[in-house]
Amino acid sequence: MKSRLGGIPWHVLLVVAALIAVGIVFLRSSTTGTPLAGLWVRQLKALGIGLPVFLAAALLPTRLLRRFAGSGYILALLLLLLVLLVGVEINYSRRWFAMPGGFLLQPSEFAKVAYLLLLARHLERHGPPERWRDWLVPGLLLAGPFLLVRAQPDLGTALMFLPLLAVAAFVAGAARSHYVLGFAAVAVLAPAVYFSPLLQDYQKERIRTFLTSIPRQTEVMIAARRSGEHEKALRIQKELELLKRNAGFQSHAGLVAIGSGGLYGKGLGRGPQNRLNYLPERHSDFIFAVIAEEWGLVGAGAVVLLYLLLAVMLILVAGRCPHRFGQLVIVGITTSIVFQAFCNIAMCCGVMPITGMPLPFLSQGGSSMMACLAQVGLVVGLSRSGRSLDPFSHRSGVSRDPFGARDAVPTRDHYRASPVG
Amino acid sequence: MALVLAVFAAFAFTLLGRLYQVQVIQHEFWENEALAARTQPVILPFQRGRILDCRGVELATSETSLDLMFSFGEFRKGSPLGQLLMVHYLLTGERLTVGSIRDDPEPLLRRIGGLRTEEVRLLEPRQRRTDLLVYLSWLLRREHSEGLRARMGELAEGPLVSDWEAERVAIKARLESAAVHLAELQRDLGPQLGRDDLDLIEEIDERIAWIDEKVLSILRLRADRDALFDVERDLHREYDYRELLLCQRVPWEPVFELAADPERWPGLLVKERIRRLYPPEQEISPLLIGWVGAPAEEDLQERQRHQDRLTELRIQADLSEEALREVEQLRERINCLDYAPGEEQGRRPYGIEGYYENVLRGRRGYRKVEVDRSRLTSHRIIEQVPPEQGEDVVLTLDGEMQRVAEGLLRAQPYHGAVVLCEIPDLQIRVLASHPTPGRDEIQRRFAELAADHETYPLHPRAYAPFFPPPPGSAFKPLVAVMALSEGLVTADSTFPCTYQDLWVGRSCIRCLGMHGDVDMRRALVKSCNHYFAHLAVQVGYASLHDWAARFGFGQRTGFLSTSLPDSRHVHAPAQEVAGRLKASERGEANLMRFGFGQGAIDDVTPLQVAAAMAALATGVYLPPTLIERVGDQVPLRPPPRVVGLAPRAHQQVVDALRGVTQFGGTAQPGVAPGLDLHAYDLATKTGTPQVGGDQLDHSWFVGFFPATRPRFAFAILLEHTGVHGGDVCAPLFQALLQQPAFVEVERAARGAARRGAPAARAPTGEDP
């Protein structure tokens, strides 16, 4: 061990810090003059609580992570079960534990990490799914938290478990044919699910809103205007007027804020849609719309690129990680953070239906912040583990080339041969 | 891993592309949407132009007052009373009164507490279910109804509202505080308005009932029963947000709090209104001044049409120059010009308010302010166009004289009219008619008045009688002057009047006396029919007709119309009557009757007669006018038409007319009790036209004065008196002259011309 600080991926931390800074700036901007003013201070406090969590996660030895992945997973399931019983109900959804000090703790955020750890251990031990039945165990592991989160109800977060499995298994080397077939199946099954009783009325309505209304219809209308089909445009405009007031309100408000931002934005704290309270949930789920309104395409694009940069860096870190477990966890964490961020942004831009999911590092929300910091902490810990705790990593046969990872498929034997249990 | 990275990159660049599309390509569209969402127009009302009389006294003006308005749309959304009302309405389709909810909310609350998801799920159509959940969520103080909707889907069965007991207590507290707020307002307001029995909630219920009635009456007309709920919902959306008047002219103190903190009284708002005011002490005939009312439905629809057209244009992407101009014009029309609900409009076709609507009406201004989502606080003025006040219309009428004349007429047992014009510019000083309905009579029972086919109270006798009278003997001086001017007879030529009845074929021409051989002077003073019958035969039909037209008969005077120097015209032909001047009439008897103002010329208005008298006095015909000034412009008058009187003939006729009020004339002193006009320098003529059937004769008293330098022309008509003009009309004229308001007129009648007043254009050129 050359240094205590050796192997820390500073660049990742820098990007994360930048995102958090942007988040706090816009939390302040979006709540000034509202009853929520001062929320940014709370967010700073959450950051303060999050830092020890981050450090703890960073200092956790990989060994322990492996060993207690199963217990952690079971603990997470218990918490999810418990939250259904004793959680506080907000907007008819039980997702949170009330913590002392007025904080709300959302166990589903931590269940994601727990699931990821167990999944990574499973994939490391048993290899990637190459036959269809290999999916059984990861699938069953997924089902537990998925159903419990779904029961809160919180479909958005529940759905975020799916890409974890997909990406981790893919990186681990699952059969590509499965993915091709899987996507095909989704394409076929999606309409079937829509008409099945699996979705709630209001969820269907959201999807319908998304498919038939504001963003899509607006595009159709603008196209109709350009091509001179005035009657059609007029008809759609009238429909839009109705939708705007009803189901499509949030979606419309978000698009208006983003679209009116233009190239350079209205300036920090000067976005009318933000300032005049036209944008609902702007401190949490729709904070990206505030950024887009006040900083324009330049700022919003920068945020998107920051997330992409984070993804690139994390994957590079994963590539450098000497053991499969670390690689998989880091890739999973990348997915969990960046994919969620992109989904949130897509939702704000009207390319995805609205689901209540926060923008990692930016949205208000202590649990989200803490969970994200914990995940980054894990990344730091895992990226150092190779150097400090795994002196045999250079013999592990894993290529340092991130793009060559697929060539070095670890085997059960490899794992058994490894001195680190 | 490269593939995973590629997926992330693809996702990121898709988002960037989308952002570019929304923020750059569609930027303008969204910017407009944002602007439309956050700006709210505030209308700045204009002040309607005043109507003034010739002395500058306001006959119609405006007052600014505060009104307490009610908007059901805001009430049902914001007030717990309204929310409860709507919940019940959506559940059962039945409308409770706000009063009953305030008095006893318990059963309703129990009902809501007992609501079960499966029960709500059965509500059809879907929109009704959604609405119900929305109102329930408002009632429960939730920002969105999503939670309730989630619950509807979540639980198979069970109570819709969890934790009802706590909610019930909270709702009850809110209901009570809403009721208390209303009661407080009512307590402060009632005594100040002089209405101790004022019950705001009752008033609110009345307004809601009015809306329901309105919606229902439209619904009944709709044939499609399928989408009934949706149609009803749309109608309510339209009507519920109309601001309905609760209390007029509220004092400022009680509503100060309301204006400062409107959220405590959802649905109530204080509006500053500018309203037409007719000073009661200056009250003259509303048929002449006109009145204002709500804008006509078609004018309101006009605005809607403009709105639709504007939306249509806005949809188009690339507008031509022309279309852009049209957009500008449409916006100006909608914002500033078109009638909006709640505005005042002069009622056509009555009076100045109706005719001069476009002049009196100003231009609304507007202000666009930035508001937040609550729509209550404005943050910034984005655009402001100040209102333009309407132009004043100054009448030639003398309000005081008019009012006195109307009063005296009202005191008569007959219907009739008094017209007084000032020579030489023919400015109408008095234009009084009887009967004339009062202002509140018109407001309250207009339909009845319009349907009154016995007295026709909406047809002012002075210029628009329903049955225009024949001029009768009042026409004789004109016949005399034309015959003399054409040189057909001399003043000394005589015609016989030996019998009362002159038979021409099978028609009988009757004279009221047996005057023997009469010359022109005697014929005029005594008003001999036979003289003028014979004279008419001498003159011939064509000449008579021609001369009658030169004196303005058979044409509208257009006294209400104006042409302004800025080439604006107000044409107001609708209410004035032109009268009838027949172009040909067969038979000698009819020609003879023409000679004394019956038959071919059987429809005239008192105004026409007065104008003809002025023409006789001055030798030029000028249509009279009622309009002195519009704004700061003096209307253009048509050029005076020279009638073509021979100076000598004119002199002879005037001399004869002076004899009418002297001893021996038809209006000699003593004809009626107390009548004595002989001291005045008047050139007058009485008239007693027959009106056909077995109806009593009308009475005329017409003329001009002073006879030497004419300053006033007048005509007085009383209908169906059955007596001579000298018996009733001349005393009325005398009574007018004795009024203080007529002191100047009286002085003129004495022959003492006002110093510095322009001399009448005597065609003779000689100054007696």
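Below, read A as the first sequence line, B as the second, and so on, with proteins coming before strands; counting in each chain starts at 1.
- Within the 4.5 Å cutoff, the side chain of A:Ile258 has heavy atoms near those of the B:Leu19 side chain.
- Ranking B:Leu16, B:Leu15, B:Val4 against chain A, the residue ahead of the rest is B:Leu15, based on heavy-atom pairs under 4.5 Å.
- Proximity to chain B (any heavy atom under 4.5 Å) is shown, for A:Ala292, by both the backbone and the side chain.
- Between A:Leu263 and B:Gln23, the closest side-chain pair of non-hydrogen atoms is not below 4.5 Å.
- A distance of 13.0 Å separates CH2 of B:Trp30 from CD of A:Glu293, quoted to the nearest 0.5 Å.
- One finds the CD atom of A:Gln273 at 9.5 Å from the CD atom of B:Glu33 (value rounded to the nearest 0.5 Å).
- Across A:Thr334, A:Leu314, A:Leu310, A:Val167, a single residue satisfies side-chain contact (heavy atoms from CB on, under 4.5 Å) together with B:Phe8, and that is A:Thr334.
- Neither the backbone nor the side chain of A:Tyr264 comes within contact range of chain B; no heavy atoms are under 4.5 Å apart.
- Distance alone, capped at 3.5 Å, places no donor-acceptor pair between the B:Gln26 side chain and the A:Gly259 backbone.
- The contact between A:Val312 and chain B is made by backbone and side chain atoms together, counting heavy-atom distances below 4.5 Å.
- At a 4.5 Å heavy-atom cutoff, the contact between B:Phe13 and chain A is made by side-chain atoms alone.
- Only the side chain of A:Leu308 comes within contact range of chain B, with heavy atoms under 4.5 Å apart.
- In this structure the side chain of A:Phe339 never reaches within 4.5 angstrom of the side chain of B:Val7, judged on heavy atoms.
- Open room surrounds CD on B:Glu28; 12 or fewer heavy atoms of other groups in view lie less than 6.0 Å from it.
- Between B:Leu3 and A:Val171, every side-chain heavy-atom pair lies at or beyond the 4.5 Å cut-off.
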